[in-house]
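Remarks on the structure that follows.
Computed from a predicted structure; not experimentally measured.
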Amino acid sequence: MNNIRKFLVGLLSMVLLVGLTLPFSSASAEELENIGDNQTTPEIPEVLKPIDISDLQYDVNKNLSEEQIAERFDWINSNYEINQPFSLEDTEFIRAYASPSTSNAPTNTNNGGISTYDLKFGNSASQSFSKSKTAQGVSIKIAGSVRAEVNILNHSYGAKYKTTVSSGSSKIKSIRNNVKASAYGMVGTSGTYVGLVHSSSIGATSGSKPTSWSIDKTKEYSAALVVYVYVNAYTTVNTTSGSFDLYAF
């Protein structure tokens with residue numbers, strides 16, 4: 001749990017607070033473009049503010065492993081449309097796991113991935129990682145970092161990391177290095193609900209029997225009223241007997 005709560009950016013598993021107070025439904029592109037350099041911190045509704053995992057009320061969000069947290073993010077991201085308000089239990093999960101630790105937690109810990117609470121417009125943040133796994137007769141290690149940048153409307157995320165095969169390369173059909181990001185924002189007519197405002201991924205695939213494989217890619221995207229963001233990297237190894245994943249966080 002400490003690893004999944006690593007300070008991904010002061011961001012990661014990261015909360016990005018943006019300097020906008022306009023309700024999502026009433027903020028036109030022209031109005032948002034006219035905001036200019038206004039970077040004051042918005043008044044985030046109490047129901048959207050980060051919470052600590054010790055305050056969780058729903059059993060589905062309690063006592064989760066790193067793998068279960070990553071799977072829960074994937075489930076939420078695939079079961080909601082863009083700008084659709086989340087259920088109460090899913091909102092609770094985002095507030096707890098895509099936000100920074102409480103002031104009582106070690107300063108270098110967070111909920112995983114990149115979830116920046118302190119990242120402001122035009123700033124970037126990154127989080128390093130190093131993980132190993134053995135499965136299906138193959139041993140790999142992934143090491144590098146994920147990164148994110150937040151502005152008013154145009155944001156970016158990416159990763160630079162390497163997958164190294166320490167044994168079993170002859171059994172590998174391919175390696176794919178991936179980085180995915182989800183941005184969660186204020187939605188609804190009054191901007192008092194959390195919803196998915198962006199979700200995407202990027203990756204790079206190797207040839208057969210590789211002994212190592214690297215990725216260094218960045219993706220830009222646009223989204224308004226971003227409150228939380230989750231970034232994670234993972235490697236998918238396709239072998240002669242199946243496939244397995246190794247997540248950074």
Side-chain angles (χ1 to χ4, degrees), residues 1-6 8-9 11-14 64-80 82 93-94 97-98 110-115 125-148 155-184 196 198-221 229-249:
M1 180 60 70
N2 286 337
N3 288 335
I4 199 64
R5 293 178 61 82
K6 280 188 178 179
L8 287 176
V9 167
L11 162 283
L12 187 312
S13 59
M14 358 168 163
L64 301 181
S65 65
E66 291 186 12
E67 183 177 359
Q68 289 172 325
I69 291 173
E71 290 174 350
R72 185 104 166 80
F73 271 112
D74 287 342
W75 186 91
I76 290 173
N77 295 338
S78 62
N79 280 273
Y80 286 92
I82 296 295
F93 174 83
I94 295 300
Y97 292 101
N110 202 305
N111 298 318
I114 289 188
S115 39
S126 65
Q127 176 65 39
S128 299
F129 60 87
S130 180
K131 289 287 188 68
S132 300
K133 183 175 183 177
T134 298
Q136 300 174 17
V138 175
S139 295
I140 65 168
K141 176 181 179 180
I142 60 174
S145 63
V146 292
R147 56 184 180 268
H155 323 289
S156 68
Y157 69 91
K160 181 179 182 180
Y161 79 92
K162 183 177 183 179
T163 300
T164 302
V165 181
S166 55
S167 65
S169 62
S170 62
K171 300 178 181 180
I172 298 177
K173 292 182 177 181
S174 67
I175 289 175
R176 181 170 176 82
N177 292 351
N178 308 276
V179 55
K180 58 184 177 180
S182 301
Y184 310 97
L196 183 68
H198 176 82
S199 181
S200 64
S201 64
I202 50 179
T205 304
S206 75
S208 62
K209 301 180 180 180
T211 56
S212 66
W213 187 245
S214 298
I215 185 174
D216 185 0
K217 287 189 175 184
T218 299
K219 181 178 178 65
E220 297 179 345
Y221 67 96
V229 59
Y230 172 77
V231 179
N232 206 346
Y234 68 100
T235 288
T236 299
V237 180
N238 294 303
T239 73
T240 54
S241 57
S243 64
F244 65 91
D245 296 326
L246 175 56
Y247 281 80
F249 306 98

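Between Arg147 and Asp216 there is a salt bridge, with a side-chain nitrogen of the basic residue lying less than 4.0 Å from a carboxylate oxygen of the acidic one.
Of all heavy-atom pairs between Tyr161 and Thr235, the closest is OH-OG1, 3.0 Å. For Lys162 against Ser212, the heavy-atom pair with the smallest separation is CE-CB, 3.5 Å. Closest heavy-atom contact between Leu196 and Tyr80: CD2-O, 4.2 Å. Ala204 and Trp213 make their closest contact through O-NE1, 2.9 Å (heavy atoms, listed as atom of the first residue, atom of the second, distance). Of all heavy-atom pairs between Lys141 and Ser130, the closest is CE-OG, 3.2 Å. Contact detail for Ser200 and Lys219: the closest heavy-atom pair is OG-CE, 3.3 Å.
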Audit row: Thr239, Phe244, side chain to side chain contact (heavy atoms under 4.5 Å, CB included) steps and yes/no: CA-CA 8 Å; Thr239 73; Phe244 65 91; 4.1 Å; yes
Intermediate values then yes/no, side chain to side chain contact (heavy atoms under 4.5 Å, CB included), Ile142 and Phe129: CA-CA 8 Å; Ile142 60 174; Phe129 60 87; 4.0 Å; yes
Evaluation steps, side chain to side chain contact (heavy atoms under 4.5 Å, CB included), between Asn178 and Ser201: CA-CA 7 Å; Asn178 308 276; Ser201 64; 5.8 Å; no
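For the atom pair Asp245 CG and Arg176 CZ, the distance stands at 11.5 Å (nearest 0.5 Å). Residue Leu246 holds its CG atom at 10.0 Å from CD of Glu67, rounded to the nearest 0.5 Å. Rounded to the nearest 0.5 Å, atoms NZ (Lys131) and CZ (Phe249) are 7.5 Å apart. With rounding to the nearest 0.5 angstrom, the OH atom of Tyr221 is 10.0 Å from the OG atom of Ser199. Once rounded to the nearest 0.5 Å, the distance linking CG of Asn238 with OG of Ser206 reads 8.5 Å.
Shown here is Lys171, whose NZ atom has no more than 12 heavy atoms of other residues, nucleotides or ligands within 6.0 Å. The neighbour count for Glu220 CD, taken as heavy atoms of other residues, nucleotides or ligands under 6.0 Å away, does not exceed 12.
Taking 4.5 Å as the limit, some side-chain heavy atom of Phe93 sits within range of a side-chain heavy atom of Arg72. Here the side chains of Val165 and Val237 are not in contact, with every heavy-atom distance at 4.5 Å or above. Proximity of Thr218 to Ser156: side-chain heavy atoms (C-beta onward) are separated by under 4.5 Å at one or more points.
Ring centroids of Phe73 and Tyr97 are separated by 6.0 Å or more, keeping the two rings apart.
With no hydrogens or angles considered, a side-chain donor-acceptor pair links Thr163 and Asn177 at under 3.5 Å.
The side chain to side chain donor-acceptor pair (under 3.5 Å) with Lys180 is formed by just one residue from the set Asn232, Asp74, Asn77; it is Asp74.
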